[in-house]
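Report on the following structure.
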Protein chains: 2
Amino acid sequence: MKLTRKQEIIVIASKLFKEKGFQAVSMRDIAKAMGIKASSLYNHIQGKQEILSTLILEVAHEFTNGMNAVVSETLTPIQKIEKIIELHIDITVNYSEGLAALNNDWMHLEEENRKSYIKMRDDYEENFRSIIKEGIRDKSLTNNHPEVILFSILSTLRTLYLWYQKRGKLDENVLKKDMVAIMLQGIANH
Amino acid sequence: MKLTRKQEIIVIASKLFKEKGFQAVSMRDIAKAMGIKASSLYNHIQGKQEILSTLILEVAHEFTNGMNAVVSETLTPIQKIEKIIELHIDITVNYSEGLAALNNDWMHLEEENRKSYIKMRDDYEENFRSIIKEGIRDKSLTNNHPEVILFSILSTLRTLYLWYQKRGKLDENVLKKDMVAIMLQGIANH
DNA sequence: GTCTATACGATGATAGAC
DNA sequence: GTCTATCATCGTATAGAC
């Protein structure tokens, strides 16, 4: 699994982006972290934008593909939601830095890439919304406002990356089990 | 309620920060949005840092004061959690832009202010954590990992500002009711 | 693949006129 | 309170030597 020089740059840059944000990291910062000069970076990448778009679009495609897989399966709404929670946890574990860029720096993508990111995000949310509405209709989900349900789950899943590293000792499977339980059953004892 | 020139600057800057992030907004951008030149800003504020720290520390103090009030009351853990949810919704409604800066740009605070922000955030989380542990002990809360409970609730509450504006038609009280219900009882029908 | 040198626009901030 | 003029620095990026 040897990384190309280009991949190395993207890995290192993504860690800096996660810490300080895309705009606060200069090409000189990235170069310094790699032990080379800024001008040398341009032998491997076209520019700073390419790093950002590569990072974000890779993760966005993971979400899109994962959601498409969930939608095409024959499952109850609750089973679909469990699959989506798993999808987010998997992506958090495997693409933590890309996820940070996607969440915080998507607005710094250039026109074309920003448009396709927004399209993917909107489609993703629309699929999720449909699953929730289906669950409310067949009474497997509570009759709360669908948008509030969607937002509550999605906001937790989307910011998991902020928190997963810190308490990294926690086993991935314990996390899955607890998160599914909390979102579906809540935190109050009945 | 006439704003001082300084307050005007902070209000306008905070909107730009929310859209693009602190680092992506220049003093010239802020000045242009106010219809003056960048140099004129310095008659009212010391610099860009002052805008950021004013914004963030104001909101941080709101959280600290609100949490202190909750902790000092004699309430069950569940009642305390309900109060905290209300606190976040109130702050979201009244300090949407400051909240965005606090969430996304706290790392761009200078040394001293960053330290006091982090201290306030850590204290806040520690208070919340204690309430959750108390609830697990007295069996009013489910026996899930306290950190997972803390994170799940907090991540939803912290990113509410992203979502509240978009679907702004939603009444504040409906939102409170639904969010309390979803977090406490979950989204699955029992 | 990396370097040095350099272009050149944008940035935060200040001095001093009005 | 706002302006013009200016500064030093840093930003992304390119050209060409090694």
Side-chain angles (χ1 to χ4, degrees), chain A residues 1-57 97 101 104-114, chain B residues 1-57 97 101 104-114:
Chain A
M1 274 286 252
K2 194 156 170 301
L3 295 180
T4 64
R5 210 80 176 102
K6 178 172 175 174
Q7 288 172 318
E8 268 186 79
I9 292 171
I10 292 175
V11 168
I12 288 196
S14 69
K15 286 176 186 163
L16 296 175
F17 291 168
K18 186 180 177 184
E19 265 178 62
K20 310 207 273 176
F22 175 73
Q23 292 271 5
V25 175
S26 69
M27 294 299 272
R28 288 178 171 97
D29 292 333
I30 298 169
K32 192 172 234 172
M34 297 204 51
I36 59 176
K37 296 289 171 184
S39 56
S40 303
L41 293 172
Y42 292 87
N43 273 301
H44 309 283
I45 50 157
Q46 297 214 7
K48 206 183 168 190
Q49 263 295 319
E50 190 188 353
I51 304 178
L52 186 67
S53 57
T54 303
L55 260 174
I56 292 181
L57 293 181
E97 283 83 16
N104 304 318
D105 293 316
W106 63 267
M107 71 285 278
H108 299 123
L109 287 171
E110 277 168 356
E111 183 74 357
E112 279 309 298
N113 286 328
R114 190 171 61 244
Chain B
M1 272 284 253
K2 192 156 172 303
L3 295 180
T4 64
R5 209 82 176 100
K6 178 171 175 175
Q7 288 171 320
E8 269 186 79
I9 292 171
I10 292 176
V11 167
I12 288 197
S14 70
K15 286 177 186 163
L16 296 175
F17 291 168
K18 186 180 178 186
E19 263 179 64
K20 311 208 275 175
F22 175 73
Q23 293 270 2
V25 176
S26 71
M27 294 299 274
R28 286 170 174 86
D29 292 333
I30 299 169
K32 190 172 236 172
M34 297 204 50
I36 57 176
K37 297 289 171 185
S39 56
S40 303
L41 294 172
Y42 292 86
N43 273 301
H44 309 284
I45 51 158
Q46 298 215 4
K48 206 182 166 191
Q49 262 296 317
E50 192 188 352
I51 303 179
L52 187 67
S53 56
T54 304
L55 258 176
I56 292 182
L57 293 181
E97 282 83 18
N104 304 319
D105 293 316
W106 63 267
M107 71 287 274
H108 300 124
L109 287 171
E110 276 169 356
E111 184 74 359
E112 281 308 300
N113 286 328
R114 191 172 61 246

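All values below come from the heavy atoms of this structure, side chains included, with hydrogens, waters and symmetry mates left out.
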Which nucleotide in D:dA13, D:dT4, D:dG1 has an atom nearest any side-chain atom of B:Ser39: D:dT4
Hey, can you tell me if A:Phe22 and A:Phe17 have their rings parallel, tilted or perpendicular (30° and 60° cut-offs)? perpendicular
What is the separation between atom CD on B:Gln46 and atom C1' on C:dA13, rounded to the nearest whole Å? 12 Å
Spacing of B:Glu50 atom CD relative to C:dG12 atom P, expressed in whole Å: 15 Å
Looking only at side-chain atoms of A:Arg28, point me to the closest of C:dG12, D:dC3, D:dT12. D:dT12
How many Å lie between OH on B:Tyr42 and C1' on C:dA13, as a whole number? 5 Å
Return the value, rounded to whole Å, for the distance between atom CD of A:Gln49 and atom C1' of D:dG11. 14 Å
Using OP1 and OP2 only, check whether a side-chain N or O of B:Lys48 sits under 4.0 Å from C:dG12. yes
Measure the spacing between OG1 of B:Thr54 and CD of B:Gln46 and express it to the nearest 0.5 Å. 9.5 Å
pair B:Val11-B:Leu3: side-chain heavy atoms closer than 4.5 Å: yes
Mapping A:Asp29 and B:Ser40 onto DNA chain D by nearest heavy atom, which one lands closer to the 5' end? B:Ser40
Atom CG of B:Leu41 and atom C1' of C:dA15 are separated, to the nearest Å, by 16 Å
Rounded to whole angstrom units, what separation is found between the CG atom of B:Leu16 and the P atom of C:dT11? 13 Å
Given D:dT12, D:dC3, C:dG1, identify the nucleotide with an atom nearest to the side chain of B:Lys37. D:dC3
Between B:Val25 and B:Lys48 the two heavy atoms that sit nearest each other are O-NZ, 2.7 Å
Round to the nearest Å and state the distance from B:Ile9 atom CD1 to C:dG12 atom C1'. 15 Å
In whole Å, what is the span from the NE2 atom of B:His108 to the C1' atom of C:dG12? 15 Å
